[in-house]
**Q** 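Let me give you the structure first, and then I'll get to my questions.
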Amino acid sequence: MLAVAVLAAGKGTRMKSDLPKVLQPLAGSTLVERVLQSCEQLSPERRLLIVGHQAERVEQSLAAHGGLEFVLQAPQNGTGHAVQQLLEPLAGFQGDLLVLNGDVPLLREQTIHDLLERHRRSGAAVTLLTARLADPTGYGRVFADAEGRVSGIVEHRDCSEAQRRNDLINAGIYCFSWPALARVLPELRSDNDQGELYLTDTVAMLQPAMHVEVADAEEISGINDRIQLAECEAVIQDRLRRHWMCEGVTFVDPASCTLSDGTRFGRDVVVEPQCHFRGETVIGDGCRIGPGCLIENSTLAENVEVLHSVLRDVTVERGCTVGPFAQLRAGAHLGAEVRIGNFVEVKNSRLAAGVKANHLTYLGDADLGAGVNVGAGTITANYDGVRKHRTVIGAGSKTGANCTLVAPITVGEQVTIGAGSTLTRDVPSGSLALGRARQLVKENWPGPR
Ligand code: UD1
Ligand code: CA
């Protein structure tokens, strides 16, 4: 039997943020989501989250995650006090309790799995994860013998000079036999520099206490300030890029690109420098992205090329080219082989296969049939100051340069619209539409006097 408890009640004072620390984002997921993910495969019987500072906000952010038990810690009087809150919800529980600090987001599932294995094999009352750090400043120091038996943990601020030289640190990840921990929890005292109840003090009260040193100390980095947040972001970005390179994606300049957990790539995608992928984004086989793109919550089918453009909440079918300097906004749907050129903005519009809008255009709330050619400078005037209206253009039609289509308006199929027209009325299929002043020419004009 396994229960997992994540400590997420602290304020995160050193972040200097209005956001609770565990809700700080890393590659599109919050800190606490990452910590929860790292123990998902263990399929624990119980998952408890200790919340306190801005508890409601933390709970709301995890509303989509089923099976979580929220346990309130108020006020927040230290990590030992946090775990004391479990005495009631876990009364009578006979299994192991895995405790994870909510601010340690780089842990690999395998590492937690190994910790649990070791704990169960050795029969220890507690097994904790440790690391040797070149700079152990700020972490609790673990005192252990050569056999891995731990005598105690002393927080950095409570250490003597000599104790500080010990570079074996507490990662904040523990596997306890819950009945043993439950017996000693009420005995914790707050006679330390912070006047708090420390979970780490239970280790000296529990025998045997063992530790497991992680191979890769990077994994146990805790986040207390924005410098550590940025360092962890860099590690996660590196992991994501390496993963996708192994899956057949070329990054020309990997370090200049960022990904989210929800980004997926097909094979033979080439990502040029300075590209950023956010949210749930899918990039199909053979796409060429960049340089200089931001793509968020979007789906691109095969062989799409995007250059220096911003795409958010859009769908792009196969073989399209976008950019340079285009913006595709929420609800843009490009059919196959659509061409979107420089300084073109598309919002909430469906462009059927083969549409071309190559220069200086705004298409908002529009439906364009197959093969429509949008002349340079065409604008759909979709907003009357109160409401948005739709523009419909039938297959095979052409708008001339510098046209304004005042919505609501329906233009039929195979229509030709003269350059410089402002159209306010529907146009039937097969016609020529002109909506501009006749040209006036006065010969031999003397010029201003
Ligand atoms: C803690 C450990 C330290 C270890 C380090 C690893 C203690 C006393 N110290 O120190 O030995 O090296 O983690 O990163 O445990 N929290 C609560 N309620 C509270 C206080 C904290 O839920 O009352 C939560 C925080 O939200 C956070 C976690 O516990 O997720 C750790 O708290 P933090 O204050 O960051 O502990 P450290 O000083 O880093
Ligand atoms: Ca911490």
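Source: prediction; values computed, not measured. Both ligands and their constituent atoms are indexed starting at 1 by order of listing. Side-chain atoms are counted along with the backbone in the values below, which use heavy atoms only and exclude waters and symmetry mates.
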**Q** Within less than 4.0 angstrom of ligand 1, does Glu155 place any heavy atom?
**A**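 Distance cut 4.0 Å: Glu155 passes for ligand 1.
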**Q** Can you find a non-hydrogen atom of Ala8 under 4.0 Å from ligand 1?
**A**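 Right, Ala8 reaches ligand 1.
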**Q** By the salt bridge (charged side-chain N to carboxylate O under 4.0 Å, His left out) test, which pairs, at least two apart or in different chains, include something from residues 221-235?
**A**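 Not a single pair qualifies under salt bridge (charged side-chain N to carboxylate O under 4.0 Å, His left out).
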**Q** Among all protein heavy atoms, pick the one closest to atom 15 (O) of ligand 1 and tell me residue, atom and distance.
**A**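 Among all protein heavy atoms, the one nearest atom 15 (O) of ligand 1 is Thr79 OG1, 2.7 Å.
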**Q** Nearest non-hydrogen contact with atom 12 (O) of ligand 1 belongs to which option: Thr202, Val51, Asn170, Thr13?
**A**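 The option holding the nearest heavy atom is Asn170.
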**Q** Which atoms form the tightest heavy-atom contact between Ala27 and Leu240, and what is the distance?
**A**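 Smallest interatomic distance, heavy atoms only, reads CB-CD1, 4.0 Å.
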**Q** Considering the heavy atoms of Tyr198, write down every atom of ligand 1 situated less than 4.0 Å from one of them.
**A**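 This gives 8 (C) as the contact atoms.
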**Q** If you measure from each non-hydrogen atom of Asn224 to ligand 1, which part falls under 4.0 Å: side chain, backbone, both or neither?
**A**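 The part of Asn224 near ligand 1 is the side chain, not the backbone.
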**Q** Take Asp238 and Arg242 through the test salt bridge (charged side-chain N to carboxylate O under 4.0 Å, His left out) and record every step on the way to the result.
**A** CA-CA 6 Å; Asp238 196 51; Arg242 282 171 181 275; 3.1 Å; yes
**Q** Could you check whether His81 and Gln85, counting side-chain N and O atoms only, form a donor-acceptor pair closer than 3.5 Å?
**A**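 Yes, a side-chain donor-acceptor pair sits under 3.5 Å.
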**Q** Would Asp167 and Arg141 count as a salt bridge (charged side-chain N to carboxylate O under 4.0 Å, His left out) if you check the C-alpha gap in whole Å, the side-chain angles of each, and the deciding distance to 0.1 Å?
**A** CA-CA 7 Å; Asp167 64 353; Arg141 305 299 203 281; over 6 Å; no
**Q** Check ligand 1 against Asn77 and write out every atom of the ligand that is under 4.0 Å from a heavy-atom position of the residue.
**A**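 Heavy-atom distances to Asn77 below 4.0 Å select 23 (O).
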**Q** Let me see the working for Lys21 and Asp103 under salt bridge (charged side-chain N to carboxylate O under 4.0 Å, His left out), right down to the final yes or no.
**A** CA-CA 7 Å; Lys21 177 164 72 176; Asp103 61 353; 2.9 Å; yes
**Q** Run the side chain to side chain contact (heavy atoms under 4.5 Å, CB included) test on Ile153 and Phe143 for me, step by step, so that the C-alpha distance in whole Å, both residues' side-chain angles and the decisive distance to 0.1 Å come before the verdict.
**A** CA-CA 6 Å; Ile153 304 177; Phe143 296 88; over 6 Å; no
**Q** Looking only at N, O or S atoms in Asp103, which is nearest to the Ca ion (ligand 2)?
**A**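 This residue's closest N, O or S atom turns out to be OD2.
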**Q** Would you mind telling me which of Leu334, Leu363, Val346 makes a side chain to side chain contact (heavy atoms under 4.5 Å, CB included) with Leu368?
**A**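 Single side chain to side chain contact (heavy atoms under 4.5 Å, CB included) partner of Leu368 among Leu334, Leu363, Val346: Leu363.
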**Q** If you measure from atom 22 (O) of ligand 1 to every heavy atom of Ala5, Gly222, Ala9, which option wins on shortest distance?
**A**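 Answer by nearest heavy atom: Ala9.
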**Q** For the pair Glu213 and Arg132, find out whether any cationic side-chain nitrogen is under 4.0 Å from an anionic carboxylate oxygen.
**A**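 Salt bridge flag = yes for Arg132 with Glu213.
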**Q** Just say parallel, tilted or perpendicular for the rings of Phe265 and Phe277, cut-offs at 30° and 60°.
**A**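 The arrangement is perpendicular - the two ring planes meet at more than 60°.
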**Q** Is the closest side-chain heavy-atom distance between Leu181 and Leu97 below 4.5 Å?
**A**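 With C-beta onward as the side chain, the pair touches.
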**Q** Is there a polar contact, in the sense of an N or O pair closer than 3.5 Å, between Gly102 and ligand 1?
**A**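 Such a contact does occur with ligand 1.
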**Q** Suppose we measure from atom 35 (O) of ligand 1 to each protein heavy atom; which comes out shortest, and what is that distance?
**A**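 Here the closest protein heavy atom is Asp103 OD2, 3.1 Å.
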**Q** Nearest heavy atom to atom 18 (N) of ligand 1: which of His53, Gln228, Gln73 does it belong to?
**A**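 Residue with the shortest heavy-atom distance to the ligand atom: Gln73.
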**Q** What protein heavy atom sits nearest atom 23 (O) of ligand 1, and how far away is it?
**A**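 Minimum-distance protein heavy atom for atom 23 (O) of ligand 1 reads Gly78 N, 2.8 Å.
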**Q** Does the N or O separation between Ile50 and ligand 1 drop below 3.5 Å for any pair?
**A**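 Between Ile50 and ligand 1, no N or O pair is found under 3.5 Å apart.
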**Q** Less than 4.0 angstrom from a charged side-chain N to a carboxylate O is my criterion; do Glu296 and Arg312 meet it?
**A**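 The answer is yes: the pair qualifies as a salt bridge.
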**Q** What I want to find out is whether Arg108 reaches Glu219 closely enough, with some N-O distance under 4.0 Å, to be called a salt bridge.
**A**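 Counted as a salt bridge, because a side-chain N and a carboxylate O are separated by less than 4.0 Å.
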**Q** Answer yes or no for Asn101: is there an N/O/S atom below the 3.0 Å cut-off from the Ca ion (ligand 2)?
**A**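 Coordinating: no.
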**Q** Which heavy atom of the protein is the closest neighbour of atom 26 (O) of ligand 1, given with residue, atom name and distance?
**A**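 Of the protein heavy atoms, Gly10 N, 2.9 Å lies nearest.
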**Q** Heavy atom to atom 38 (O) of ligand 1, shortest distance: which of Arg14, Glu196, Gln194 holds it?
**A**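 Going through Arg14, Glu196, Gln194 one by one, Arg14 has the nearest heavy atom to atom 38 (O) of ligand 1.
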**Q** Under 4.0 Å from a heavy atom of Gly140: give me the atoms of ligand 1 that qualify, with their elements.
**A**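 That gives atoms 3 (C), 4 (C), 11 (O), 12 (O) of ligand 1.
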**Q** Of the backbone atoms (N, CA, C, O) and the side-chain heavy atoms from C-beta on, which set of Leu199 has a member under 4.0 Å from an atom of ligand 1: side chain, backbone, both, or neither?
**A**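 Neither; no heavy atom under 4.0 Å.
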**Q** For Thr200, take its heavy atoms, then give the atoms of ligand 1 lying under 4.0 Å from any of them.
**A**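 Ligand 1 atoms under the 4.0 Å threshold to Thr200: 7 (C), 8 (C), 9 (N), 11 (O), 15 (O).
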**Q** Between Leu197, Asn101, Val58, flag the one that comes closest to atom 28 (C) of ligand 1 by a heavy atom.
**A**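 The option holding the nearest heavy atom is Asn101.
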**Q** Output the list of atoms in ligand 1 that are nearer than 4.0 Å to some heavy atom of Lys21, sorted by atom number.
**A**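 Under 4.0 Å from Lys21, ligand 1 has these atoms: 35 (O).
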**Q** To which protein heavy atom is atom 30 (O) of ligand 1 closest, and what is the distance rounded to 0.1 Å?
**A**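 Result for atom 30 (O) of ligand 1: Leu7 O, 2.8 Å.
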**Q** Judged by modelled atom types alone, do Gln24 and Thr30 share a side-chain donor-acceptor pair under 3.5 Å?
**A**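 Gln24 vs Thr30: no donor-acceptor pair found between side chains.
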**Q** Which ligand 1 atoms does Ala171 reach within 4.0 Å, using its non-hydrogen atoms?
**A**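 Answer, ordered by atom number: 6 (C), 14 (O).
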